[in-house]
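Here's the structure, in C-alpha cells; my notes come after.
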Number of protein chains: 2
Amino acid sequence: METVTENQKVRTVKKLEKMFGHIDFKNPPELCPVRDVMSVASDQWSTLIVLWLGYFPVLRFNKLKKYVYGISNKVLSQRLKVLEADGYIERKAYPEVPIRVEYSLTDFGQSYVEKLLDLAEWMHDNSPKVLANREKYGLL
Amino acid sequence: METVTENQKVRTVKKLEKMFGHIDFKNPPELCPVRDVMSVASDQWSTLIVLWLGYFPVLRFNKLKKYVYGISNKVLSQRLKVLEADGYIERKAYPEVPIRVEYSLTDFGQSYVEKLLDLAEWMHDNSPKVLANREKYGLL
DNA sequence: CGGAATCCCACGGGATACTG
DNA sequence: CAGTATCCCGTGGGATTCCG
C-alpha cells in the first residue's frame with residue numbers, strides 16, 4: 001500500500017509546472033515531448049519490443065516476433081525502424097546467406113529501459129488491484 | 001549523460017526475468033500486466049489526462065478538454081470511463097443546473113502519476129536527443 | 001454543462017505471398 | 001532469414017448534433 005504524502009504531491013505539481021505550465025492553448029504548442037516523443041516510444045508494441053531487448057542483449061527478427069507474440073511482420077519492422085531512428089536500438093546486418101540481422105539496445109535505449117521497467121514493474125505489482133477495480137466497476 | 005553500468009544491466013535482466021521469464025509462447029499466456037493493464041493506462045490520451053489531473057487537483061470535463069487539446073468528446077469520455085473503472089480517477093457529479101462534474105485522482109491514481117511523471121520527465125529531458133537522432137536518421 | 005448518439009471516413013494493422 | 005508489397009478489413013476516432 002503506497003501512501004502519498006502532501007510533500008510528494010507538491011513536488012509532483014512543481015515538476016508538472018515545468019512541463020506544462022507554459023503552454024498556450026490558443027496557439028497549439030510547437031512540440032510537446034510527451035505527445036511527440038513519449039507517445040512513440042510508449043506505444044504498446046514498442047514497449048514490449050524494448051523490454052524484450054532489455055531481457056536479451058541481442059535478438060533477431062524472428063525471435064523478437066516470437067517473444068512479442070501477436071505482432072505482425074509489418075508492425076514489427078515498422079516499430080523497429082522508428083525505434084532505431086529515435087536512437088533506442090541498433091540494427092546490425094551481416095551479409096551472410098541467408099542474411100542475419102541483429103537488434104540490440106543502444107546505451108540510450110538501455111537507460112530508457114530502466115525507466116520503462118520501473119513503470120512496468122509498478123503495473124505488474126498493481127495489476128491485481130486494477131483488475132479488481134475493473135470487475136467491481138463492471139458489476140454496478 | 002547517463003552511463004549504464006554492468007550492474008544495472010544485470011539488475012534489469014533480473015527484473016525482466018521475473019516478469020517475462022515464465023511465459024510459454026506455445027500457449028498464449030492468460031494475462032500479461034504489460035499488455036492488459038499498462039497499455040490501457042499508458043495510452044497516449046490517457047497519460048495526458050492523468051498528468052493534467054496530477055497538475056490540477058480537480059478538473060471538469062471542458063477544462064480537461066481544453067488542456068488535453070485536440071481530444072474529441074467521444075474519446076475523452078471514453079478514456080475517463082476506463083480510467084475510472086481501473087481506479088485511477090474519481091468522478092463526482094453535482095446535481096445542479098446545469099450539472100457539474102468533477103474529476104480528480106484517487107490515491108492510487110496519484111501514485112501512478114508519480115511513476116508516470118518519472119518517465120515523462122525523462123522524455124522531456126531527452127527529447128532533444130531523440131529529435132536529433134530522428135533528423136540525422138532522416139538525412140541518410 | 002457534460003456527455004451520449006450518430007454518422008462516416010481514414011488508416012492502423014492483420015494475413016498472406018513474394019523477393020534479395 | 002528478414003523483411004517488403006499487396007490487399008483488405010475493422011475500428012478508432014473526428015465532427016456534429018441532441019438530450020437531461
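Just so we're on the same page: letters track the sequence lines, and every chain starts at 1.
Rounded to a whole Å, the CD atom of A/E96 is 13 Å from the P atom of D/dC1. Here D/dG12 presents its C1' atom at 13 Å from CD of B/Q44, a figure rounded to the nearest Å. If you measure from atom CG of B/D43 to atom C1' of D/dG13, you get 11 Å, rounded to the nearest angstrom. Rounded to whole Å, the distance from NZ on A/K66 to P on D/dC1 is 12 Å. One atom, CG of B/L76, and another, C1' of C/dA4, lie 13 Å apart when rounded to the nearest Å. If you take OH of A/Y69 and P of C/dA15, they are 15 Å apart, rounded to a whole angstrom. Separating the CZ atom of B/R91 from the C1' atom of C/dG2 is a distance of 8 Å, rounded to the nearest angstrom. The nearest whole Å value for the distance from the OH atom in B/Y103 to the P atom in C/dG2 is 8 Å.
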Using a cut-off of 4.0 Å between protein heavy atoms and nucleotide atoms, how would you tag nucleotides 14-20 of chain D 5' to 3' with B, S and -?
B------

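When the C1' atoms of four end pairs are superposed on the next four at each end of the helix from C/dC1-D/dG20 to C/dG20-D/dC1, using five pairs per end, the two resulting axes differ in direction by 50°, to 10°.
Within residues 46-63 of chain A, the residues having any heavy atom under 4.0 Å from DNA chain D are, by residue number, A/R60, A/F61, A/N62.
Residues B/Y88 and B/V113 fail the side-chain proximity criterion, which asks for heavy atoms closer than 4.5 Å.
Put simply, B/S77 has a side-chain N or O that comes within less than 4.0 Å of OP1 or OP2 on C/dA4.
The two atoms that bring B/A41 and B/T47 nearest to each other are O-CG2, 3.7 Å, heavy atoms only.
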